[in-house]
Amino acid sequence: KQEVTQIPAALSVPEGENLVLNCSFTDSAIYNLQWFRQDPGKGLTSLLLIQSSQREQTSGRLNASLDKSSGRSTLYIAASQPGDSATYLCATNFGNEKLTFGTGTRLTIIP
Amino acid sequence: DTEVTQTPKHLVMGMTNKKSLKCEQHMGHRAMYWYKQKAKKPPELMFVYSYEKLSINESVPSRFSPECPNSSLLNLHLHALQPEDSALYLCASSQRQGGGQPQHFGDGTRLSIL
């Protein structure tokens, strides 16, 4: 079964720390991997998309990496801020039309 | 500001009501999607439209009826819903279906069934 897993389900870190969120997937035949942010009661905001041929993408304080062979992606957030508090979802399509989401990591940055 | 606009933001309806959710995008995207998201769960795909034609129906009950009147608009018609249908309904679009195209999401409609 093609699955996407995110561990831990929740993470709290003090403001200013660097942190890493993890995403693992069961099948390496993916087109790309997308990281989203979701604030409570809101829709999804796309943060970064890594194509299957790429190893990483960067946007500001965010860096996402992709290792297809090991079925893993990480989202690195530098110098965390309280405004980074949200649920972070990774999602991929296993070579088909559907986007499969991970269960998310709820991130809390403590001021 | 999102480039995918959903209305209304909130909707409360009884089980016998008929209502519609609307989604609009002006990015020239030719694939549009409906997702359902329950609390603390990831979004679940319901329908996919490609070039205004229904491409994927994920075995969704017939009380949900999608419609794509043109390339910019996507509707979800609701009738005789059940309390368990209460959820956040998200619309998304992409340049085309498949091929790993990134999806852009709206802010959703929070639906409550009384």
Side-chain angles (χ1 to χ4, degrees), chain A residues 2-10 21 23-25 27-54 57 59 64 66 68 73 86-108, chain B residues 1-7 9-10 21 23 25 27 29-51 53-59 86-112:
Chain A
Q2 294 168 328
E3 292 182 336
V4 180
T5 305
Q6 292 182 250
I7 296 174
L21 304 180
C23 173
S24 60
F25 44 93
D27 188 339
S28 62
I30 62 171
Y31 281 117
N32 59 36
L33 190 132
Q34 207 166 349
W35 281 94
F36 294 91
R37 168 191 172 131
Q38 187 172 33
D39 293 291
K42 297 289 189 180
L44 277 63
T45 301
S46 181
L47 298 174
L48 289 165
L49 181 144
I50 312 176
Q51 299 289 353
S52 61
S53 59
Q54 297 175 319
Q57 279 287 329
S59 176
L66 176 65
K68 283 178 53 178
S73 176
T87 295
Y88 290 80
L89 293 155
C90 64
T92 187
N93 35 29
F94 293 103
N96 58 40
E97 315 292 352
K98 293 173 54 175
L99 202 60
T100 301
F101 285 86
T103 47
T105 295
R106 190 171 67 256
L107 176 65
T108 302
Chain B
D1 287 341
T2 181
E3 295 169 312
V4 177
T5 304
Q6 291 187 241
T7 55
K9 293 190 185 304
H10 303 276
L21 309 184
C23 174
Q25 58 87 15
M27 295 179 281
H29 290 176
R30 302 312 298 270
M32 297 186 76
Y33 310 78
W34 280 116
Y35 289 85
K36 174 182 178 179
Q37 186 179 24
K38 301 286 279 186
K40 300 188 188 301
K41 297 289 187 182
E44 296 177 346
L45 183 66
M46 299 174 71
F47 302 104
V48 181
Y49 271 82
S50 177
Y51 290 88
K53 288 185 171 31
L54 183 63
S55 173
I56 294 177
N57 177 342
E58 288 289 299
S59 302
S86 297
L88 181 67
Y89 287 84
L90 294 165
C91 173
S93 70
S94 62
Q95 279 196 334
R96 58 180 172 83
Q97 184 182 354
Q101 294 291 316
Q103 294 185 23
H104 301 258
F105 284 78
D107 282 338
T109 293
R110 173 74 60 189
L111 177 65
S112 298

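Remember, it's a predicted structure, so these values are computed and weren't measured experimentally.
Judged by distance alone, the side chain of A:Gln34 and the main-chain N or O of B:Gln103 form a donor-acceptor pair under 3.5 Å.
Atoms OH and CG, from B:Tyr35 and A:Leu99 in turn, are 4.5 Å apart once rounded to the nearest 0.5 Å. Atoms CD and CG, from B:Gln101 and A:Asn32 in turn, are 8.5 Å apart once rounded to the nearest 0.5 Å. To the nearest 0.5 Å, the span separating CG on A:Leu89 from CZ on B:Phe105 amounts to 9.0 Å.
Considering only heavy-atom pairs separated by less than 4.5 Å from chain B, the leading option among A:Ala91, A:Ser46, A:Gly102 is A:Gly102. Most heavy-atom pairs under 4.5 Å with chain A: of the set B:Pro43, B:Ala31, B:Cys91, B:Pro42, this distinction falls to B:Pro43.
Shown here is B:Gln95, whose CD atom has no more than 12 heavy atoms of other residues, nucleotides or ligands within 6.0 Å. Atom NZ of A:Lys98 has 12 or fewer heavy atoms from other residues, nucleotides or ligands within 6.0 Å. Surrounding CD1 of A:Ile7 are at most 12 heavy atoms belonging to other residues, nucleotides or ligands under 6.0 Å away. The environment of NZ in A:Lys42 is sparse: at most 12 heavy-atom neighbours from other residues, nucleotides or ligands sit within 6.0 Å.
Not a single side chain to side chain contact (heavy atoms under 4.5 Å, CB included) links B:Glu44 to another residue, sequence neighbours left out. A search for salt bridge (Lys or Arg N to Asp or Glu O under 4.0 Å) contacts involving A:Asp39 returns A:Arg37, not counting sequence neighbours.
Contact between B:Leu90 and A:Gly43 at its shortest, heavy atoms only, is CD2-CA, 3.7 Å.
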